[in-house]
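Take a look at the structure set out below.
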Amino acid sequence: MNINGIKQNYDYLKITANNTQSKLNFREAISKTVEQPVNLSISNEGKTMLRKMVSKSEPDFDYTNVKKLTVQNTNEVAWEHYTAMRDISSQTIKDGNYNVEKIMKSIMDAYETRYNEIVKEHESGDREVSYQLTGKSFLTLEEDLAGLDQAYKMRLANLEGYITCQQTNKAFENPDSSWYFYRNRNSSQSEGKTPDKIPCLDTEYRNYAVSIMNLAKETFLTVFKNSGYKKGTAIGILSDILNKNTSFTANSQNLFL
């Protein structure tokens, strides 16, 4: 065998052995490092930088920290008063024999009842509440009444929904009900012109009902602040307003009777 060839083979084996030993030593060093506990001390500046780096690598989520929620930025107060008003109204119209004016009166009566309850509960100070989202807290009288106002608006939305359902039922009570969806505008037909057609299921009547309810509420609040207030005033106020609005009463009869 050629001596030079033997020498080259020997050198190659030596290099290979050295490389293999280096790899084994490196792996052994890593294994020992992993096995041994390491105590790291990170400065506050380093922690801040680490948080920033992590936040940049994380996707954005629409996340609400429940712990930071307050009663003021949830609808828990309004929902409490809404359910209370709904329960009170259900006692006055539970027989199912009612119309739009009876529903309006039941809402007004429930508002007055709940208003008196809130004022009474605050006679000794703030009211303690416990809600699912925000837990236990205290409400001022102003916060409680603001929630009641929101609940009142929700009940008026229920009123609008009821009126819409009744209008729809009236519109489809006969197979040929196209007359109900359209009506003449002003006196165009009498003038020999083609009548302009507008939908009869508009919001005019519903808006009128809501405006009457808001007027009744504001009048009630004015009377409540006077020394001559008596319970049951709210329904009387609403009845007076309805009696003065004969056109609304007539429309109610045409739509719901």
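What you are looking at is a predicted structure, and each value in this text was computed from that prediction instead of being measured.
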By salt bridge (Lys or Arg N to Asp or Glu O under 4.0 Å), which residues pair with [X], not counting sequence neighbours?
{"X": "Asp109", "answer": "none"}
{"X": "Glu117", "answer": "Arg114"}
{"X": "Glu121", "answer": "Arg127"}
{"X": "Arg86", "answer": "none"}

Nearest 0.5 Å please: distance from the [atom1] atom of [X] over to the [atom2] atom of [Y].
{"X": "Leu156", "Y": "Tyr111", "atom1": "CG", "atom2": "OH", "result": "10.5 Å"}
{"X": "Leu242", "Y": "Leu238", "atom1": "CG", "atom2": "CG", "result": "4.5 Å"}
{"X": "Met85", "Y": "Ile107", "atom1": "CE", "atom2": "CD1", "result": "6.5 Å"}
{"X": "Met213", "Y": "Ile241", "atom1": "CE", "atom2": "CD1", "result": "9.5 Å"}
{"X": "Ile163", "Y": "Thr168", "atom1": "CD1", "atom2": "OG1", "result": "11.5 Å"}
{"X": "Glu123", "Y": "Ile118", "atom1": "CD", "atom2": "CD1", "result": "13.0 Å"}

Decide whether Val77 and Val129 are clustered together by the hydrophobic rule: side chain heavy atoms of Ile, Leu, Val, Met, Phe, Trp, Tyr closer than 4.5 Å, transitively.
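Yes, it is one cluster - the side chains of Val77 and Val129 are joined through contacts under 4.5 Å.
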
Shared ILVMFWY cluster between Leu159 and Ile93, side chains joined below 4.5 angstrom?
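The answer is yes; both residues are in one hydrophobic cluster.
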
Evaluate the side chain to side chain contact (heavy atoms under 4.5 Å, CB included) criterion for residues Thr83 and Trp79: first the C-alpha distance (whole Å), next the side-chain angles of each, then the deciding distance (0.1 Å), finally the verdict.
CA-CA 6 Å; Thr83 55; Trp79 183 253; 3.6 Å; yes

Shortest non-hydrogen contact from [X] to [Y]?
{"X": "Val100", "Y": "Ser252", "result": "CG1-OG, 3.8 Å"}
{"X": "Leu141", "Y": "Val119", "result": "CD1-CA, 4.3 Å"}
{"X": "Gly232", "Y": "Glu112", "result": "N-OE2, 2.9 Å"}
{"X": "Met104", "Y": "Ile212", "result": "CE-CG2, 3.9 Å"}

Is a donor on one side and an acceptor on the other found under 3.5 Å between the side chain of [X] and the backbone of [Y]?
{"X": "Ser89", "Y": "Ser106", "result": "yes"}
{"X": "Gln150", "Y": "Ala78", "result": "no"}
{"X": "Asn245", "Y": "Phe248", "result": "no"}

Give the other cluster members for Ile88, using side-chain heavy-atom distances under 4.5 Å between Ile, Leu, Val, Met, Phe, Trp and Tyr residues; answer none if it is isolated.
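ILVMFWY cluster around Ile88 holds nothing else.
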
Side chains of Asn207 and Glu160 in contact at under 4.5 Å (non-hydrogen atoms)
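Yes, at least one pair of side-chain atoms sits under 4.5 Å.
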
Flag side-chain contact, heavy atom, 4.5 Å: Val210 against Arg206:
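SC-SC contact between Val210 and Arg206 ruled out.
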
Among all residues two or more places apart in sequence or in another chain, which pass the ring-ring contact (aromatic ring centres under 6.0 Å, His included) test with Phe224?
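Partners of Phe224 under the ring-ring contact (aromatic ring centres under 6.0 Å, His included) test: Tyr115, Phe220, Tyr229.
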
Salt bridge (charged side-chain N to carboxylate O under 4.0 Å, His left out) partners of residues 228-249, not counting sequence neighbours, each pair once
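As it turns out, there is no salt bridge (charged side-chain N to carboxylate O under 4.0 Å, His left out) pair with a partner in residues 228-249 once direct neighbours are skipped.
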
Does anything in residues 209-229 form a salt bridge (charged side-chain N to carboxylate O under 4.0 Å, His left out)? List the pairs, not counting sequence neighbours.
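Matches after skipping sequence neighbours: Asp149-Lys217.
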
Not counting sequence neighbours, which residues clear side-chain hydrogen bond (donor to acceptor under 3.5 Å, both in side chains) with Asn158? List them please.
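Applying side-chain hydrogen bond (donor to acceptor under 3.5 Å, both in side chains) to Asn158 gives Tyr82, Arg155.
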
Side-chain H-bond candidate by donor/acceptor type, Ser137 with Tyr131, under 3.5 Å:
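On atom types as modelled, these side chains do not qualify, holding no pair under 3.5 Å.
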
Partners meeting side chain to side chain contact (heavy atoms under 4.5 Å, CB included) with [X] (sequence neighbours left out):
{"X": "Thr140", "result": "Asp126, Glu142, Glu143"}
{"X": "Glu128", "result": "Lys136, Phe138"}
{"X": "Thr249", "result": "Glu101, Gln253"}

